[in-house]
Asks: 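Just passing along the structure, written as structure tokens.
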Amino acid sequence: MTDSNDSIRHDWTLAEIKALFDRPFNDLLFDAQRLHRENFDPNAVQVSTLLSIKTGACPEDCAYCPQSARYDTGLERERLLPLEEVREAARNARDNGATRFCMGAAWRNPTDKNLDKVIDMIRAVKELGMESCVTLGMLTREQTRRLKQAGLDYYNHNLDTSPEYYREIITTRTYQDRLDTLENLREEDINVCCGGIIGMGESETDRAALLQQLANLPEHPQSVPINLLVQVENTPLYGTEELDGIEFVRTIAVARILMPRSVVRLSAGRTAMTDELQALCFLAGANSIFYGDTLLTTPNPEQNRDQQLFERLGIVANGEQARDDHAAA
Ligand code: SAM
Ligand code: DTB
Ligand code: SF4
């Protein structure tokens, strides 16, 4: 399927995507950067801050995750945070320059009672003039409706990897479960933040197949986080062979080409990257980051380090990103 009025495609074949991965690096980056500038201000990067509102003791078995109750990662469990603590953290994030506040909970899915509490948090974030995003696990249609009514701007729900590699990573929920939640979100017209994790020992074909799934959704996710696995001791994926940095940049470039109007987030894993590698990711079309010293439970680069990097690269945090009011399609 191709949108009638432009070149946004939803019919990418795996062979086409693999051919993009196989291109000479300079050609791939040039095309990604060209498309990037056609659709976005090339020097604007959106900045989001994360907060874990409910930490650890998760019943799911995601092999990468320090918050699964099945792996002894030494993580301190926390119940759902009180509203005032969340408001304070959001105010801090705003004062430090974030425009979106993303709240994550270590749940398989929210109960309706917990959803009530999260809705109060969303309202508090919106009162501060920030965009709100939550990631709470699987949602029913009724729950998406309630989140929409509360004014939620984005919901993060990742496909994580290719359908084929998925069974190596998670057994407690299916790929289809994830696609169903994404459909519920689309039906309520909530902006979708959906991407995956690379560096989990998957093949390049798996990375291509993950991007194919994302690009061939009925609508491209408005935001596409590309996470580099953060290896946490005692999770099953600890000790996985590190992904080559050039391959990471290629993945960002291919995401940019397949989903030219989506915001691509250089997401988890930046503490393991040099400034030069991050600069290449921005050149390849990444235009969002998580900002703040912690992601959900693991470290992220310090804020002054990111400010210095933005200054050295002439990158402007936030500001108007899209050209000609392009919306992701
Ligand atoms: N429990 C909810 C869920 O899984 O949908 C929401 C929170 S979960 C921590 C959000 C996302 O964080 C996961 O889908 C995964 O993509 C990412 N993530 C978790 N642990 C990670 C790690 N060690 N490295 C990179 N990304 C990770
Ligand atoms: C996403 O794709 N990456 C973020 C956010 N969505 C919720 C989470 C990264 C988590 C990294 C591991 C941790 O800090 O616990
Ligand atoms: Fe639980 Fe989410 Fe971690 Fe999976 S990724 S173990 S669902 S917190």
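Counting starts at 1 for both ligands and their atoms, in listed order. Remember, it's a predicted structure, so these values are computed and weren't measured experimentally.
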Asks: Under 4.0 Å from ligand 1, counting heavy atoms only, is it the side chain of Leu296, its backbone, both or neither?
Replies: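 The answer is the side chain.
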Asks: Pairing donors with acceptors under 3.5 angstrom, does anything connect the side chains of Tyr64 and Asp160?
Replies: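 Checked: Tyr64/Asp160 side chains pair up, N/O donor to acceptor below 3.5 Å.
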Asks: Measure Ala105 to ligand 1 on non-hydrogen atoms and call it side chain, backbone, both or neither using the 4.0 Å cut-off.
Replies: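 Contact part for Ala105 vs ligand 1: backbone (N, CA, C, O).
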Asks: Can you find a pair of side-chain heavy atoms, one from Asp153 and one from Arg100, that are under 4.5 Å apart?
Replies: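 Asp153 does not reach Arg100 side chain to side chain.
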Asks: Would you check if Leu29 and Leu280 make a side-chain contact, meaning some heavy-atom pair closer than 4.5 Å?
Replies: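 A side-chain contact under 4.5 Å exists here.
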Asks: What I'd like to find out is whether the side chain of Glu242 reaches to under 4.5 Å of the side chain of Gln231, using heavy atoms alone.
Replies: yes
Asks: Hey, does the side chain of Gln212 reach the backbone of Trp12 with a donor-acceptor pair shorter than 3.5 angstrom?
Replies: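 Looks like yes, one N/O pair under 3.5 Å.
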Asks: For ligand 1, which atoms, with element, lie under 4.0 Å from some heavy atom of Trp107?
Replies: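 Once the distances to Trp107 are compared, the set is 1 (N), 2 (C).
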Asks: Nearest non-hydrogen contact with atom 20 (N) of ligand 1 belongs to which option: Tyr155, Tyr64, Tyr238?
Replies: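 The residue whose heavy atom sits nearest atom 20 (N) of ligand 1 is Tyr64.
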Asks: Decide whether the shortest distance between a heavy atom of Gly137 and an atom of ligand 1 is less than 4.0 Å.
Replies: yes
Asks: Evaluate the criterion side-chain contact (heavy atoms from CB on, under 4.5 Å) for residue pair Arg250 and Arg207; output intermediate values, then yes/no.
Replies: CA-CA 10 Å; Arg250 280 185 183 277; Arg207 290 188 279 280; over 6 Å; no
Asks: Ignoring hydrogens, tell whether any protein atom lies closer than 4.0 Å to atom 12 (O) of ligand 1; use the non-hydrogen atoms only.
Replies: no
Asks: Do Cys281 and Arg270 come within less than 4.5 Å of each other through their side chains, counting heavy atoms only?
Replies: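 No, too far: nothing below the 4.5 Å cut-off.
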Asks: When you measure from the side chain of Ser203 to the backbone of Asp206, do you find a donor-acceptor pair of N or O atoms at a distance under 3.5 Å?
Replies: yes
Asks: Please write down residue, atom name and distance for the protein heavy atom closest to atom 24 (N) of ligand 1.
Replies: Val230 N, 3.0 Å
Asks: Taking a cutoff of less than 4.0 Å between a non-hydrogen atom of the residue and any ligand atom, is Asp160 in contact with ligand 1?
Replies: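 For ligand 1, residue contact (heavy atoms, under 4.0 Å) with Asp160 is present.
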Asks: If I compare all heavy atoms of Met200 with all of Thr240, which pair ends up nearest, and what's the gap?
Replies: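 Heavy atoms of Met200 and Thr240 come nearest at C-CG2, 3.7 Å.
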Asks: When you measure from atom 6 (C) of ligand 1 to every protein heavy atom, which one gives the shortest distance, and what is it?
Replies: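 Here the nearest protein heavy atom works out to Thr135 OG1, 3.2 Å.
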Asks: Answer with side chain, backbone, both or neither: which part of Arg173 has a heavy atom less than 4.0 angstrom from an atom of ligand 3?
Replies: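 Only the side chain of Arg173 comes within reach of ligand 3.
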Asks: Are Leu296 and Phe290 side-chain neighbours, meaning at least one heavy-atom pair lies under 4.5 Å?
Replies: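 SC-SC contact between Leu296 and Phe290 ruled out.
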Asks: With nothing but distance in play, are any N or O atoms of Arg178 less than 3.5 Å from an N or O of ligand 1?
Replies: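 Such a contact does not occur with ligand 1.
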Asks: Determine, considering heavy atoms only, which of Leu50, Thr297, Thr161, Ile197 sits nearest to atom 27 (C) of ligand 1.
Replies: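 Shortest heavy-atom distance from atom 27 (C) of ligand 1: Ile197.
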Asks: Between Arg145 and Glu187 (salt bridge meaning N to carboxylate O under 4.0 Å), is one present in this structure?
Replies: no
Asks: Regarding Arg34 and Glu38, does a basic nitrogen lie under 4.0 Å from an acidic carboxylate oxygen?
Replies: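 Yes, charged N to carboxylate O under 4.0 Å.
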Asks: For atom 1 (Fe) of ligand 3, how many protein N, O or S atoms lie at less than 2.8 Å?
Replies: 1
Asks: Where does Arg173 meet ligand 1, judged by heavy-atom distances below 4.0 Å: at the side chain, the backbone, both, or neither?
Replies: side chain
Asks: Side chains of Leu159 and Leu179, heavy atoms from C-beta outward: is any pair under 4.5 Å?
Replies: yes
Asks: Between ligand 2 and the protein, which N/O pairs are shorter than 3.5 Å?
Replies:
from, atom 1, to, atom 2, distance (Å)
ligand 2, 2 (O), Asn158, ND2, 2.9
ligand 2, 2 (O), Asn227, ND2, 2.8
ligand 2, 3 (N), Asn227, OD1, 2.9
ligand 2, 6 (N), Asn156, OD1, 3.1
ligand 2, 14 (O), Leu296, N, 3.0
ligand 2, 14 (O), Thr297, N, 2.9
ligand 2, 14 (O), Thr298, N, 2.9
ligand 2, 14 (O), Thr298, OG1, 2.8
ligand 2, 15 (O), Thr297, N, 3.3
ligand 2, 15 (O), Thr297, OG1, 2.7

Asks: Considering only NZ, NE, NH1 and NH2 on the basic side and carboxylate oxygens on the acidic side, decide whether Asp31 and Arg256 come within less than 4.0 Å.
Replies: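 Salt bridge between Asp31 and Arg256, a charged N being under 4.0 Å from a carboxylate O: no.
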Asks: Ligand 1 and Asn158, any nitrogen or oxygen pair closer than 3.5 angstrom?
Replies: yes
Asks: Check each of Asn300, Thr49, Thr99 against Tyr291 using the side-chain contact (heavy atoms from CB on, under 4.5 Å) test, and report the only one that passes.
Replies: Thr49
Asks: Closer than 4.0 Å and a protein heavy atom, does any atom meet both conditions relative to atom 1 (N) of ligand 1?
Replies: yes
Asks: Given side chains that start at C-beta, do those of Glu204 and Asp22 come closer than 4.5 Å, heavy atoms only?
Replies: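 Contact flag for Glu204/Asp22 side chains = yes.
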Asks: Do Gln143 and Pro110 make a side-chain contact, defined as non-hydrogen atoms from C-beta onward lying under 4.5 Å apart?
Replies: yes
Asks: For atom 2 (Fe) of ligand 3, state whether the nearest protein heavy atom is under 4.0 Å away.
Replies: no
Asks: Between Arg37 and Gln33, does any side-chain donor sit less than 3.5 Å from a side-chain acceptor?
Replies: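 Indeed, the side chains of Arg37 and Gln33 share at least one donor-acceptor pair under 3.5 Å.
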Asks: Is there any N or O on Gln67 that sits under 3.5 Å from an N or O of ligand 1?
Replies: no
